[in-house]
Structure formats: C-alpha cells, structure tokens
Protein chains: 2
Amino acid sequence: MTDRKEFRDLASPAEAHEVVASLDIAPDPETVPLAECRGRVLAERVDAGIDVPGFDRASMDGYAVRARDTFGADETDPVVLPRVGTVHAGTEPDVDVGAGECVEISTGAVLPGGADAVVPVERTHEADESDGVAFETAVAPGDSVMAAGADVAAGERALGPDTELTPREIGLLSALGVDEVPVRGRPTVGVVSTGDELVRPGEALDHGAGEIHDVNSYTVAAAVEEAGGEAVLYPHAGDDYDELERQLRSAAAECDLVLSSGSTSASAVDVVYRVIEERGDLLLHGVSIKPGKPMLVGRLGGAAYVGLPGYPVSALTIFRTFVAPAIRDAAGRPDPERASVTGRLASAERHGQGRTRLVPVGLVADGAGETLVYPVDKGSGATTSLVEADGVVEMDADTDYLAAGETVTVELFSPAVRPPAVLCVGEDDPLFARALDGVRDPRYLAAGTRTGFRRLRDGLPDVVVASGPDDPGEATAELAAWTREWGLLVPAGNPDDVAGLADLAGSEGRFVNRTTASGLRATFDAALDDAGVDPEEISGYERTVRAHESPARTVADGGADVGLGLRASAAKLGLGFVPLGEERVRVLVNPERREKAGVAALDAALDGLAGLVADLPGYETA
Amino acid sequence: MTDRKEFRDLASPAEAHEVVASLDIAPDPETVPLAECRGRVLAERVDAGIDVPGFDRASMDGYAVRARDTFGADETDPVVLPRVGTVHAGTEPDVDVGAGECVEISTGAVLPGGADAVVPVERTHEADESDGVAFETAVAPGDSVMAAGADVAAGERALGPDTELTPREIGLLSALGVDEVPVRGRPTVGVVSTGDELVRPGEALDHGAGEIHDVNSYTVAAAVEEAGGEAVLYPHAGDDYDELERQLRSAAAECDLVLSSGSTSASAVDVVYRVIEERGDLLLHGVSIKPGKPMLVGRLGGAAYVGLPGYPVSALTIFRTFVAPAIRDAAGRPDPERASVTGRLASAERHGQGRTRLVPVGLVADGAGETLVYPVDKGSGATTSLVEADGVVEMDADTDYLAAGETVTVELFSPAVRPPAVLCVGEDDPLFARALDGVRDPRYLAAGTRTGFRRLRDGLPDVVVASGPDDPGEATAELAAWTREWGLLVPAGNPDDVAGLADLAGSEGRFVNRTTASGLRATFDAALDDAGVDPEEISGYERTVRAHESPARTVADGGADVGLGLRASAAKLGLGFVPLGEERVRVLVNPERREKAGVAALDAALDGLAGLVADLPGYETA
C-alpha cells in the first residue's frame, strides 16, 4: 500500500469549494439557432432592433375610422359611414380613410392612412343604403389599435444577460426577429474511466476475474449534462500509466474540465495521482468529508481536473457537492431552487470519524404526511443505494450520534426528488414485484421478512411483505395474500434422485441456502425441525444467498447440487424441482398508513394479482 | 365575417380536457443507448439479469483470511499468518487461502477460494518473520466482504415501468450491464404556422404590408419539448386552402399530434377550420374560457389536431392548460410538481364576460417577503406579456371583480418561475437599462415616469426610474441619479435649420412627440411653457411614440422632420441634434423595499454607472 493512502492534511470542504471555483472552466459564448436555444442562457443583453408591431395595427375585426366621425353614435342613434374598402392582415392597405368614411379591417391588419381607431364588428351592423355601415358606439382615437412599438419599441432593453431561455423568452426573441441567439457556452467535461476491473455495460463480465461494469462514467456523465455541461465519454483506460496518461492528456486537450472516476482499485488511483502530479499541477488531495477523502483537484494541460471517489454513491455525492456548482456557474445556470426537506430520523445513526460525513438517506411520508428519514447503508459500493437514497444528511465532525426521532435536514439529490408513493420492505417475491408495476413511484426493499418486521417496529415502512411462520408482533391489516410452492431445486433430471429433506442430511451434495432474514428460510427450518433433520448434517446449510432466485442460479451454474427455492424459479431456469410445500405470502399494511394514497394505489394494483400468476408456476391467489 | 366566429355552444374546460385526453397521442416504446437515456422514462420493468457484484468481493484493502484463524487476536497478542499471495482488482486469484494462511487483497478484488473474510490493512502490521502478517483483531466470516448478489441479485426487480431516468437510475442500469434501454416514445408534435402576415424570424419585415414575425411556432415548439414531446416545425403556410391542406396532411402523416397556430387573421383561421371540418374530424370548437374561444380539437388522418389561439400569450396559456398535460401523459412524464403560489392582488381586476378567464399576472415579493400579484395586460397580442407575466390567475365565470388586497392563487408558467429579483417601473432610460446587466433576474417595465409613480402609489414596484419635473408624491430614497441631455432630433445636417422650440410653432415640419407618461415629455412641456410656445401650434404635437429612441427612429425613417429625444439617440442613429437642456434621471427606491436583496444588488450595480456612460453622449453621472 503506497503512502498516497495516508492522506496527510486533508482540505476543509470550504477550501475544496474555493479551489474548484478557482479552476475557471467557463467556455466562450456561442451562437445557436432560435429553434435550438431552449434551456440555454443568454450571453449578452438583447435590445429590440425593431418596433413590435412595426405599424399601427388593428387589434379587433371591425372597421377603421376617424374617431371623431363616430362621436355621438349609440345604439338608438347610430352613425352610418360608407365602406370604401377592406384591409386584411398581411396586405398593404390600397385605400385611405377619408373624413366620413370607413374601411373594413381584420385583426392584425395595418391601420389605413387617415384612420385613428377601429370599431369592433360586434358594435356595428349593415346599414340599409348600399355598402353603408352603422356604428352603434363612439370610439376615441387609438381604440382597438396597437400603435407601432407599443409592444416593444426599437432600442428598448428586451432581455438581460444570463437570462435562461424558456418558451416565453423564445417568443420574445421571435417577435424581435432574432434567429441566431448569443448564448453562454456549455463547459465540455471529459469523463475518463480507469481500472482494470471495469467493463462497459453491454459487454460480458468475467466474474472469476473480478470484472464489474463501469457505473461511474455513465452516472457522472449524466450528472454533468444535468448541471448544464456537455459530457464526453473517453474510451476505457486500465491501470497502465502510459495509456492512462494518453487518455488524460487528450481529454485535457479537448475539454474544459476532466473528471476521472470509476475504479476503486488502489493501483488505478495511484496511477491517476502520479499522472496529475508529474504531468500536471496537483492543487488539492483529499477533503475532510466522508466520502471525499480520495478527491483530487488539479490542472492538466489547459484543462481543470477533478478526481472523484470510486464508489458510485460517493462519486455522485462529491460531484454534486463540489463539481456541479462549478459547472452550473460556468454555464451561467442559476443555482437550482433550494432542494432540501426536513424530517424525523427513523433510526439512530452513529458516526465517530472526526470529519464531516454526508449520510445517504431515504425518505418516506408517514401517516400524518410528515417526512421520515432513514439512513441507506447497503455497504460500500452498493449501486442500489443510488436509487434507494433520496439525498444526504450532513453530520458534522463533532456529531457522533443522531438519535431516532431527531429532526434532520436532507439535501435532496435533485429538486424533483419526492418520497416514494409507497415504501414496501420485506420478503423478496416475484409476484409482488410484478404487482408493483401498477403503482407509480413505489419503493421495494426486498431485504427479507424479518427485516420487514424489524423496520415495521421502527415505524418505517408503509407495507411489509411477509412469508413463513414468523409474526409481525404489530397490529397490521392484510392487503392481499397468496401461496407459493417451495422445495428443493436440483439440476434438470434430478441426477442425484433427491426425494426430500431426508436426502439432504449427510449427503455429498452441496446445498445452497437462503439468508436467515428470508421467510422462506424460516419455513425451511421449520420443515427440517418437523422432519427431525439436523441442519448440522447438511453440507452447505450455512452457505446463504440473498434473493429468491439466487439459489436456483447457483444450482444452474453448477455452483451447488441442491438449493432452496420456488417452483417458479425452477421453471424459469429449467431446473428440476422437488416440492416440499406451499407457503403463504402476505402483504401487510402499517396501521398508521392505511389512508396513504400510495397504499390505496398498491391496494388497487393488488386486485389484479390473478392476471399476473400465469407465468409463475406454483403460485395461487385466493 | 363568417358564421365561424359566432361560436355557438362553447365546450366547458372540463369537456375540453376530456376531448384532448381522448385523442391518444402516445407513440410506441423505443430503445435508446444508455448514454442517451437521461430524462427518458422506462417503458417496462427492468429485472436484474446478473448478480451485482458477480463474485464475493473485498470491500477494503487488506488481507483475505479464514475468519476462524483470527479468533483471539488483539493488539497485545496479534495472530501472525504467512502471506501466500496477492490479489488485485480485475484479476483472477492465482492462489487459495489455506488454513492458517493469508492473501494480500485490494478493494474490489475477488475473494480467493478458502477465505471467508477480509482484515483491513489498518488493523495489521508486517511481522518479523519473512512475509508474515500480524493481525491485531479478530474478524467474523463475511467481514469486509460484499457477497455475490448482495447489491443486486439476479432475478430481483431493479426498476419499475414509468421510472424517470436520472443519473441515479442510469448508475443502476450500468451496474446491471443494460446498454440498450427500453423507454417510452416521445410524441412527435408537428407545428404548422399559418397566416399571410407571418414571416420567419431572421427574414426582413415589410411593415407597410403588415408583416410580423412568427412568434407562436417557436414558442409552442419550445413548450412541446419542455413537456416531453418532439417538435417538428413545418414550412410556413399562408392562408391558401390548398397549400394549408397539404401542410396539415403531411404533418398529420408524420406526427402523433398536429398543432396549428400563428395567425390572428380571420381568413387563416377560417381556412384551417375548413380543412379540419372537410378533410378530418372536428371534435370541439371553442372553449368557454378566455383566451380559449378559438380553440379547435379534432383528428386529421391518423393524427390528433389542436388549433391554438393566435395571440402568443393566449396560445401558450391554452397549450399549457389543455395540450401539455396530454403530451406529458403520452411521454410517460409525471405531472410537474404543483407549481402555484398564493399572493395578494396589488390592484383590482374586473371581468364580466360570463366565462372562465385566465388572467396573466406578474409577481413581486414585497418588503415582508410576501408575494404581490399584478395583472399584466399590455393589450391583445403583446409578446412582452410573455416575459412580463409569471403565471395566470383563474377567474371563474361568476367572479366579475377581484379587489386589491384579495388573496389569489397563481398557476406559474413553470415550477422554476420565481418573482424577479427587483421590479423597476418608470422612465425608459438607456443608462439604467445597461446598469441592469449587473443584476440577476431584474424586471424593468419602462412605461414612463408617471406610470412608475402611479404603480408606486399602489405599492407595486421596488424601484421607480423617474425623470422630469413630476414628484413621486411618496417618500422615497434616491439610489442613484444622473443627467441626460435632451433636445430636438433632426435629420443629419439639420436641413430645416431648426434652432430651438420657437421654430416648432407654426412650422411646416412634422413633429413626433413622446407619450404623456414620459418624464421627458413633461420636461418638454415645461420648456414649451417657459418659452411661451403654444403646443396647439406644433404640427404633430399630438403624435406620440412610446420609448426613448422611437422619435429618433421616426425621424431617421423620414416619418417626421423633428422629434423629441436624447443626444444619445441622435448620436446612435446619426441624426442632427438641437440641444435644449439636461434633465435629471433619478432611481428611487420604495421605502418598504430597501432591505430587499434585489435592491441591494441593483444598488451595487449602479455604483458602476460611470463606466457605462462612455457610449452614451450627453450623459453625466454625479
């Protein structure tokens, strides 16, 4: 392990903000066609170059007149004027309005010479004498006329610099005839992915060689675009110094800012560090914030450089905290509306590391509509934390404990983030997963029945999905229930002729079990007990995997000879199945959440269960 | 005028929503590359196809061991185990961990066979004997190891249908190796612009022929994209039936929805109406909402059709109210977070038309941070209302009067809309306009000094820009002041040898004046009075234009021989100038708004005035 990892003198978050802000990544302004300027930011003030309208314009369908000719007119005693012509929008008047005359005119048309007002057609009627029009009202000069420049006058300030261009501003630019719009440039941000273990999504993984998909490149690139930058993904570089240096240098030549990210492997981080230190200018190394320790800030060639932590949630958190503001600033984007909510902490959180910590948290609305906040910790590097967390709670260095029920402020990952419509915790069940397709914005933490019951005692979930003999230990109402057939999963054709539980004891066959949090595991243990089979005698009993399909996959891959699972999984993966029974799956609702809209939506979706069991052999709905 | 304009039986807003919703404009789902899916919406549930991680993975740098070999170890009495190899991330272990052995391992690497835990390097030290490692702590099986599938297990539900894809979801998709993402299609929306008077921005206008730029096409197209649709602009069609029918039919053949909009001319609307009625299927004509009367809904070929009102604010309002929700729905977008604010009405609003009315309003925060709401009515068809309004207040058919001070709810044009940082009303002055460039999100209603004073008495503006002899009649503080030289604008070389005010009286020369709201006009009138010149004797005295540069433009275009204006305007347009004096321009702050951040920002910007007068001849700052 190199001394790089000792991180002497970490910078404070404030210092880190300062250094990143000092990098100056703002590109030159550019000009874009009117039809493509939405969401861009004006680079300079736009003054009106023309009057709008450019002529005195009728704002009603009716008759152009000299106002004084209508004085005294009313319904009982209308004034009649001969119609001497007609003017349509988009045509040049071929007639003037003389004293005592009128001209038919349509909305938007040019007011003919001589006229100074328009009488709406609704206030007139045809007079008896040929082509005469009877006016039932008097009008004043300027009535129903929009004077030239009344909307915008040439020389007036129309839009200021740094104005964000929405449909409204685009409308005004159109009216002014501006078809080439001067806008702030979008900083070009190169994303370089490093690490021998990373493979681009879409390519196959060699699990044995520890390959994983490159998550950060795509996550960070998307976050760059969200902040107003233009992301450029560079071909994957491994841990080789020369190759990585080439990548970083070409990125630095083409971009305003280069981000490297992706690898958690010490070697890759070492190499990047060396390239910046030897070929560039290292300004900052490590921030006293968790997860900011590995952050690098520097310059390489003409570009700015920031190195992000390797774990996806850490990378995104550090990006949002330190890099996104600099990109928004360079793009001329205003800070997004303050995106934070306060809520009660559902469970205590410990932290004693002597540096500021950004704790990823999830949100759920309780029965009273108050926000509950729960820490999301699926272990270092969990990508599911990305979607299971809604924001972060900042714990400063001196705070080493937050008690349950304490009020905390959550910085949301984006202003649009909302708590899930319904939070479901518990047994991993494929039928329930399908039922959720009928609900908008649900969240399903399939962490096992026991975990569901435990979180329910914390008052966290809206709904618990439960299977097996255990009892919630809380008053709950049942939204729905069904049965699923379970048993032993064996290779196709059941080569070892496994007939039942008794065959597991003392056999050579390697077994793969479910984790103890699983309701199915509890059902299995109860069955072993009834059958008088001693778990100790089952080779592999302690070998557990987490989700409903995992043992089936292990057997299918030849990693085990027998697994605990569902008939549905055996059918899906073409395995043999030794039925041992049926267990009931119950969807239980937190009594304090019955009125929640999301619970009602789930309830409605569960009504359609029968239609979903077709491709799930062994499932039966009541 | 055709009977089209009689609008018998208008539909209710509710009916209109129903009809538009019934059009079904949802396109087929499609597949997009992972790198391009940000902002799209998942078309179907995504289950994990692989375990993440795909192997038991070290989550710390340290040593892979059999946990039981460390039992009993502590700092005082460490357990020493021989290091039999090393495993790096992205490489296949070439060694197993036997009983009483350890293997150096880096974060993210594959746990070698035999090992069941990792001891962090921080809890170890090199032992004296060659290649021995001393362990200062005992660990349990699974410590510092992320088991295969612990993050996501194959077969688990990863993301549900209709999930919006932000950087977070993109991260999870990457981890699962999904590089082609199934997303909801974006409805294709054709925008057909009609009307002989419309000219595309960028092309020159023939004012005499009543030409104006096409505003709605670009405004509506941008609003379509904002709602999640794909806008297609069609070449401009005039009022000719055959040409327009061709345009509409080809748009209908290529799009899910066709919008026509643009023209206010009766003829164009007539023609569109006839095309839909004769060649398509007219479902609705006219909604009892102002400004929805001219709305058309129907079908043409395989596409849906909606006709929007001609005036820009009306078109955008009707689009947002009835069409945008249908586009969002078709694109699978959730409704935007409720975007409305409540505020006090700054001035009374009348309405007696017997149908629901959507009143465009502007917002301003008062001294207490409360929101003040003021109707924006710049007359039919004003495009500036687009940017001067922030949303609409709905007045139902029975409400014909809203008193000042009444609390109203404003539907914002978008959730991002905020009141301007500072609202300035008053004299149109080019130096002040330049100073505003130093303020983010200002709003400047250059409606003249008198208008500024009047709105100040309503308590509306933060700042009034004033010139001329008039007094605000309210206690105000002066933020800044300067003088501008004014006089008579004449053609270059002053052909008529105009020497002063006396030459205006009785002369043949046609004069062009400023509107009475202008402080410069008041200064001019006072000067005439001093000089004993009777306005009646000035030919053109009654002919007024609105903004500071307008008379200069009129003279430059040969539309007048003499105009009232500033030396700065004469210099800019190369005109002759007959100086008559200097007038003081004062920036006055509403006493209740002195503490407002936007006022402070303006104050700071005004400190830089001296640097801005360079290209404004005749200006002097104190």
Side-chain angles (χ1 to χ4, degrees), chain A residues 1 34 38 45 54-55 59 61 89-90 92 106-110 121 146 149 151-157 160-161 167-168 170-172 174-175 177 179 196-197 201-202 205 207-210 213 215 218-219 222-223 264-266 312 379-380 382-384 386-387 433 437 546-547 549-550 553, chain B residues 1 34 38 45 54-55 59 89-90 92 106-110 121 146 149 151-157 160-161 167-168 170-172 174-175 177 179 196-197 201-202 205 207-210 213 215 218-219 222-223 264-266 312 379-380 382-384 386-387 433 436-437 546-547 549-550 553:
Chain A
M1 310 294 143
L34 179 63
R38 188 179 71 87
R45 185 183 72 243
F55 51 93
S59 46
D61 291 321
E92 183 148 18
S106 53
T107 304
V110 179
V121 64
M146 179 180 265
D151 186 359
V152 195
E156 273 194 301
R157 181 182 212 266
R168 302 154 61 202
I170 289 168
L172 182 53
S174 310
D179 63 337
D196 287 334
E197 79 278 28
L205 296 178
H207 295 317
H213 284 117
V215 171
Y218 296 88
T219 312
T264 55
S265 71
S380 308
T383 51
T384 39
L386 281 170
V387 292
D437 292 354
R546 194 174 53 77
E549 206 171 285
S550 305
R553 297 246 171 191
Chain B
M1 308 292 143
L34 179 63
R38 187 180 72 87
R45 184 181 74 245
F55 51 92
S59 47
E92 182 147 20
S106 51
T107 305
V110 178
V121 65
M146 179 179 267
D151 186 0
V152 195
E156 273 193 301
R157 180 184 213 264
R168 302 153 64 202
I170 288 168
L172 182 52
S174 310
D179 64 335
D196 287 334
E197 79 278 27
L205 295 179
H207 293 318
H213 284 116
V215 171
Y218 296 88
T219 312
T264 55
S265 69
S380 308
T383 51
T384 40
L386 281 170
V387 292
L436 283 181
D437 292 355
R546 194 172 54 75
E549 205 170 284
S550 305
R553 297 246 172 191

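Proteins get letters first, then strands, A, B, ... in listed order; numbering begins at 1 in each.
Contacts of Leu205(B) with chain A are made by side-chain atoms alone, with heavy-atom separations under 4.5 Å and no backbone atom involved. Heavy atoms of Ala175(B) lying under 4.5 Å from chain A belong to its backbone as well as its side chain. Contacts between Leu172(A) and chain B at a heavy-atom distance below 4.5 Å involve backbone atoms as well as side-chain atoms. Both the backbone and the side chain of Ala223(A) come within less than 4.5 Å of a heavy atom in chain B.
Partners of Arg38(B) under the salt bridge (Lys or Arg N to Asp or Glu O under 4.0 Å) rule, at least two apart in sequence or in another chain, do not exist in this structure. For the salt bridge (Lys or Arg N to Asp or Glu O under 4.0 Å) test, no residue two or more places apart in sequence or in another chain qualifies with Asp179(B).
For Glu156(A) against Ala547(B), the heavy-atom pair with the smallest separation is CG-CB, 3.7 Å. Considering all non-hydrogen atoms of both residues, Ile170(B) and Ala222(A) come closest at CD1-CB, 3.6 Å. Shortest non-hydrogen contact noted between Arg553(B) and Ala154(A) is NE-CB, 3.3 Å. Residue Val215(B) comes nearest to Ser174(A) through the heavy atom pair CA-CB, 3.8 Å, listed as atom of the first residue, atom of the second, then distance.
Among the candidates Leu34(B), Thr383(B), Val110(B), the residue making the largest number of heavy-atom pairs closer than 4.5 Å to chain A is Thr383(B). With respect to chain B, the highest number of heavy-atom pairs below 4.5 Å among Ala433(A), Ala209(A), Gly155(A), Ser550(A) belongs to Ala209(A). In terms of heavy-atom pairs under 4.5 Å with chain B, the best-connected choice from Glu92(A), Arg45(A), Arg168(A) is Arg168(A). For the set Ala109(A), Gly149(A), Gly202(A), the entry with the most heavy-atom pairs within less than 4.5 Å of chain B is Gly202(A).
Between the side chain of Asp151(B) and the backbone N or O of Thr384(A) there is at least one donor-acceptor pair closer than 3.5 Å.
A distance of 4.5 Å separates CZ of Arg157(A) from CG of Asp437(B), quoted to the nearest 0.5 Å.
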